[in-house]
Amino acid sequence: MNREVTHRLKACEVLFNEGDPPTTAFLLESGRLRITARSDDGERVLAEIGPGELVGEMAVIDQSPRTATATAISDCLLLAIDAAQISERLSNTDPIVRALLEGQLRRYRATLAAIQGTQGESENPYQNEPLGIHKIRLESALRESLRNDGLDLRLQPLMDVLTGGIAGFEALVRWHHPERGPISPAEFITLAEETSLIEPVGDYVLRRTLDALVDLRQQGLGTLPFIAINVSARQMSRANLVEQLLEDLSERDLPSSAIKLEITESQQLDYAQVAAVMKLAQGNGIRVALDDFGTGYSNLQHMHLLPFNTLKVDQSLARGMVDNARTRVLLGSIVEMASNLDADVVVEGIETEAELDVLRQLGVHYAQGWLVGRPEPVSEAIRHYCESLGRTARQS
Ligand code: C2E
Ligand code: CA
Ligand code: CA
C-alpha cells in the first residue's frame, strides 16, 4: 500500500480488496467509490460513498482483514489515515465508548457474514471481556448498591504529632460488591467520577460523615475532632457545594471547623473555579487540604493559586523517609514552605515508629497511617477515640 498522505485513483481502479490486511483508512476528498462484497449469488453492492466520507476504517479499528472491496466509480482523491493515528485515538478514548463501538462492529461483521452466507466467528462474550464492558457491569452494580445500602464508611484517625492525641479523621468510602466482595475506592471512585455516580456516592459520604459528627458530639468530649472528606473534581464543579455543606452543618448545629475538604489535583480541575470554592469554604471556616501532594498532577504552577490550609503528603514519601536523607530534606522543605504559607502538613502512610520519629524531628503536624490507626467502621472509630481520651463511648 502506498504510504503517501494523498492518494489518487482512476475510475475502475481498486483501492483495496476483500481480505487485504488493514493498514490504512481513507478520507474521500473527491470522486465516488463503490463498496462491494462477495456473496452466494456473486457480488453485492454494500454502499456508494462520496466526498467527506471515511472508507476502510472498520478493518483498521478492529485490526481484521478487509470485509469488502472498494473500487473507484470516478477519478478519486483520497487522504490516507494511518492505522497508528486511529489506534492512538482509540486507546485514549473512554473504554465504554470503545466497547460500544466494538459491539457495533461485531454486529456489522455478523450481518455481513450472514449476507455472504459465511459463518461469522462465534465468540464467548465473557472471554477477554473488553475493559469497557467490565466498566459497564461495574457501573450497573454500583448503581444497584447505591439503592441497596451497599456502601459503607470508614474513619481513619489522624494523630497530632506534638501531643500524640487524635486530632481528627479522614472519611474513606468502601463498596461491598454483591459478588466480588470489597472493592477498593481506588477502582470505583475513578469509575464514579467518569459518570455522574460520584454525586450520590459523595452525598452518601457526606450524610454519614455528618451523622458521625453528631454521634461524636453526643459523647460530650469537649472540642469536636474534624472529619476530612475527599471531594472529587466533578463534585467541585457543583454550583452550590459549599452553600449546601454550610446549610447541612447549621441544620445539625455543627461548627464548620468540624469538616475539612480534601482536594486532589487532577487534569479535570478547573483551577480558577477550585480556587473560588476553596476561598468560599475558608471564608466560612471550612478548612481545605491539598491531597496526594508530591504525586500525579500536584505542581507549583497551580499551587500558588490554591489557598490551602493543609498539605497532605502522599505515602510514597513516607516510604523513603527513614533510609533516605534526601527524602528527609525534601520533607523538611515542604514543612517550611507550608508554614510560610500558614498551612500545616499531614504525612500519610505512617506505618512504623521510626517514621513517626522522623515526623517529630521535622516538625510535621499530623500523622496518618496504620501505626496511628486503620480505617475502621464509624462506631469502632468513635469507641477508640473515646478510649484514647480515657472515656467510654455512649451509645447514640
Ligand atoms: P487517599 O485520600 O490518599 O486515602 C488514603 C488511602 O491510603 C486510603 O486508601 C487508606 O486506607 C490508605 N492508607 C492509610 N494509611 C495507610 C498506611 O499506613 N499504609 C498503606 N499502605 N495505606 C494506607 P483507600 O481507603 O483505599 O482509598 C483510596 C483512595 O480512594 C483515597 O486515597 C481517595 O482518593 C479515594 N477515596 C476514598 N474515599 C473517598 C470518598 O469518599 N470520595 C472520594 N471522592 N474519594 C475517595
Ligand atoms: Ca484523601
Ligand atoms: Ca492522599
Side-chain angles (χ1 to χ4, degrees), residues 142 145-146 150-159 166 168-177 181-212 226-238 241 245 259-266 268-269 274 277 287-298 308-322 334 345-356 358-359 366-378 380-381:
L142 179 57
S145 289
L146 274 163
L151 294 186
D152 194 15
L153 194 74
R154 299 283 145 109
L155 294 180
Q156 185 176 31
L158 277 84
M159 176 199 273
I166 303 301
F169 299 89
E170 176 174 1
L172 295 161
V173 68
R174 293 284 176 271
W175 176 22
H176 291 279
H177 188 279
I183 295 190
S184 152
E187 185 177 352
F188 78 85
I189 289 289
T190 319
L191 174 78
E193 275 173 3
E194 286 168 10
T195 62
S196 52
L197 287 179
I198 192 66
E199 299 263 346
V201 172
D203 290 344
Y204 169 83
V205 170
L206 183 60
R207 200 173 58 247
R208 291 284 319 272
T209 299
L210 292 167
D211 289 348
F226 64 81
I227 301 185
I229 53 176
N230 292 285
V231 183
S232 70
R234 200 188 263 254
Q235 288 170 287
M236 286 298 285
S237 62
R238 207 176 185 173
L241 174 83
L245 184 52
I259 289 272
K260 243 184 183 185
L261 302 179
E262 293 194 1
I263 294 160
T264 306
E265 291 192 53
S266 73
Q268 292 101 312
L269 280 195
V274 170
V277 173
R287 286 165 295 165
V288 185
L290 272 195
D291 205 353
D292 298 343
F293 183 69
T295 64
Y297 289 95
S298 70
F308 53 88
N309 306 96
T310 300
L311 272 184
K312 279 196 91 166
V313 176
D314 187 70
Q315 53 172 286
S316 48
L317 237 82
R319 294 288 87 82
M321 244 167 33
V322 175
I334 292 173
V345 173
V346 179
V347 178
E348 296 188 79
I350 297 301
E351 294 180 357
T352 64
E353 284 290 348
E355 288 165 356
L356 185 61
V358 176
L359 300 194
Y366 300 107
Q368 181 178 354
W370 294 347
L371 182 72
V372 179
R374 299 244 176 180
E376 294 181 304
V378 174
E380 293 282 292

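This one's a predicted model, so the numbers in the text were calculated from it and none came from an experiment. Order of listing sets the numbers, starting from 1, for every ligand and every atom in it.
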J.: Once you round to the nearest 0.5 Å, how far does CD of Gln315 lie from CH2 of Trp370?
T.: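 Rounded to the nearest 0.5 Å, the CD-CH2 separation comes to 7.5 Å.
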J.: Among the N, O or S atoms of Asp291, which one sits nearest to the Ca ion (ligand 3)?
T.: OD1
J.: Taking distance alone, with no angle check, do Arg174 and ligand 1 share an N/O pair under 3.5 Å?
T.: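 Right, the criterion is met.
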J.: Report the nearest protein non-hydrogen atom to atom 11 (O) of ligand 1: residue, atom name, distance rounded to 0.1 Å.
T.: Pro375 CG, 3.5 Å
J.: Relative to ligand 1, is Gln315 under 4.0 angstrom through side chain, backbone, both or neither, heavy atoms considered?
T.: side chain
J.: Heavy-atom pairs closer than 4.0 Å: do any link ligand 1 to the side chain of Asp291, the backbone, both, or neither?
T.: side chain
J.: Please compare Glu193, Gln156, Glu187, Gln368 and report which has the shortest non-hydrogen distance to atom 15 (N) of ligand 1.
T.: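 The option holding the nearest heavy atom is Gln156.
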J.: With side chain to side chain contact (heavy atoms under 4.5 Å, CB included) as the test, would you mind laying out the steps for Ile198 and Ile189 before giving the verdict?
T.: CA-CA 7 Å; Ile198 192 66; Ile189 289 289; 4.2 Å; yes
J.: How does Thr264 reach ligand 1, if at all, at less than 4.0 Å between non-hydrogen atoms: by side chain, backbone, both, or neither?
T.: neither
J.: Among all protein non-hydrogen atoms, which one is nearest to atom 5 (C) of ligand 1, and what is the separation to 0.1 Å?
T.: Glu348 OE1, 3.4 Å
J.: Just heavy atoms, cut-off under 4.0 Å: does Ile189 contact ligand 1 by side chain, backbone, both, or neither?
T.: side chain
J.: How close does the nearest protein non-hydrogen atom get to atom 41 (O) of ligand 1, and which residue and atom is it?
T.: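 For atom 41 (O) of ligand 1, the nearest protein heavy atom is Val205 CG2, 3.2 Å.
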J.: I need the single residue from Lys260, Lys312, Gln156 that forms a side-chain hydrogen bond (donor to acceptor under 3.5 Å, both in side chains) with Glu170. Which is it?
T.: Lys312
J.: Heavy atoms of the protein only: does one fall short of 4.0 Å from atom 25 (O) of ligand 1?
T.: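 Yes, because at least one protein heavy atom sits under 4.0 Å from atom 25 (O) of ligand 1.
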J.: Given Trp175, Tyr204, Trp370, which one has a non-hydrogen atom that is nearest to atom 17 (C) of ligand 1?
T.: Trp370
J.: One thing to verify: whether Glu380 and Arg154 come together as a salt bridge, which I'm taking to mean a side-chain N less than 4.0 angstrom from a carboxylate O.
T.: no
J.: Could you list which atoms of ligand 1 come closer than 4.0 Å to a heavy atom of Glu170?
T.: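 Answer, ordered by atom number: 2 (O), 4 (O).
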J.: When you look for heavy atoms under 4.0 Å from ligand 1, do you find them on the side chain of Arg374, its backbone, both, or neither?
T.: neither
J.: Write the atom name of the N, O or S atom in Glu348 that is nearest the Ca ion (ligand 3).
T.: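 Nearest N/O/S atom of Glu348: OE2.
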J.: Among the N, O or S atoms of Glu170, which one sits nearest to the Ca ion (ligand 2)?
T.: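 Output for this pair reads OE2.
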J.: Tell me the nearest of Ala289, Pro157, Pro185 to atom 30 (O) of ligand 1, using heavy-atom distances.
T.: Pro185
J.: Do any nitrogen or oxygen atoms of Asp292 come within less than 3.5 Å of a nitrogen or oxygen of ligand 1?
T.: yes
J.: Identify the protein heavy atom lying closest to atom 19 (N) of ligand 1, giving its residue, its atom name and the separation to 0.1 Å.
T.: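 Result: Glu351 OE2, 2.6 Å.
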J.: What is the nearest protein non-hydrogen atom to atom 45 (N) of ligand 1, stated with its residue, atom name and distance?
T.: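 Closest protein heavy atom to atom 45 (N) of ligand 1: Asn230 CB, 3.5 Å.
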J.: Using a distance threshold of 3.0 Å, state whether an N, O or S atom of Thr264 lies below it from the Ca ion (ligand 2).
T.: no
J.: Side chain, backbone, both or neither: which applies to Val173 and ligand 1 if a contact is any heavy-atom pair less than 4.0 Å apart?
T.: both
